[in-house]
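Throughout, a chain's letter reflects where its sequence line sits, starting with A, and its residues are numbered from 1.
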Amino acid sequence: GAVVSQHPSWVICKSGTSVKIECRSLDFQATTMFWYRQFPKQSLMLMATSNEGSKATYEQGVEKDKFLINHASLTLSTLTVTSAHPEDSSFYICSARAMDYSYEQYFGPGTRLTVT
Amino acid sequence: AQSVTQPDIHITVSEGASLELRCNYSYGATPYLFWYVQSPGQGLQLLLKYFSGDTLVQGIKGFEAEFKRSQSSFNLRKPSVHWSDAAEYFCAVGATGANNLFFGTGTRLTVIP
């Protein structure tokens, strides 16, 4: 149980285009989902926290207009990278927390974004 | 401020040898502690967690960790490392009232034959 999927697993896009990444909790309902960014050989950096039905909370320094997050249902959150630039190339990982409000997060497999 | 320190960036051990990965945290509230493992290009897999109770916790793949409040540590151990354990290991801390986890910078484990 507690499986989180991400789609796509990798994507290449041209500079200036937008890319949407989906994060789904497959066998549980997630009140809260988190989006992280990971640079090569570095740790995870929390970008934003999304709660179902409300606006995402962004960490300091993360542009909310560039990284659009939508958490429309208890099993789906999306991250859209708008007007992508090469510096947005990274590994994006989502996680989900179940409705039992435990502090355990279940992580997706990640999405590798390359902007050319 | 919350912080998690993993002092060892890279550790190399021989297959069959014992392993200890260090994790120190700084947190004002009662911490919830986690160890995750990440293989290259993959997401994070939970190895074990500590919320309360017995300070020695057992996890998957033969790993264990011990919570030492006096030392603010949560070190990960395995008595005999397998080649498949080569990966990146992250310690993370959360707390009551906090929404997210704080991650350490990770320790990369290399296993040599």
Exercise. Mind checking whether B:Phe51 and B:Tyr32 have parallel, tilted or perpendicular rings, split at 30° and 60°?
Worked result: perpendicular
For this session: May I ask you to name which of A:Ser43, A:Ser9, A:Cys94 has the most heavy-atom pairs under 4.5 Å with chain B?
Result: A:Ser43
Exercise. Quick one: what part of B:Leu46 sits under 4.5 Å from any heavy atom of chain A, side chain, backbone, both or neither?
Worked result: side chain
Exercise. Side chain, backbone, both or neither: which part of B:Gln6 has an atom under 4.5 Å from a heavy atom of chain A?
Worked result: neither
Exercise. Got a sec, which pairs hit salt bridge (Lys or Arg N to Asp or Glu O under 4.0 Å) with one end in residues 36-57 of chain B, sequence neighbours left out?
Worked result: A:Glu104-B:Lys49
Exercise. Mind checking what makes salt bridge (Lys or Arg N to Asp or Glu O under 4.0 Å) contact with B:Glu20, not counting sequence neighbours?
Worked result: none
Exercise. Should we count NZ of A:Lys66 as having more than 12 external heavy atoms under 6.0 Å?
Worked result: yes
Exercise. For B:Phe90, is it the side chain, the backbone, both or neither that has a heavy atom under 4.5 Å from a heavy atom of chain A?
Worked result: side chain
Exercise. Which region of A:Gln6, side chain (C-beta onward) or backbone (N, CA, C, O), has a non-hydrogen atom less than 4.5 Å from a non-hydrogen atom of chain B, or is it both or neither?
Worked result: neither
For this session: Give a yes or no answer on whether the side chain of B:Tyr50 reaches the backbone of B:Phe74 with a donor-acceptor pair at less than 3.5 Å.
Result: no
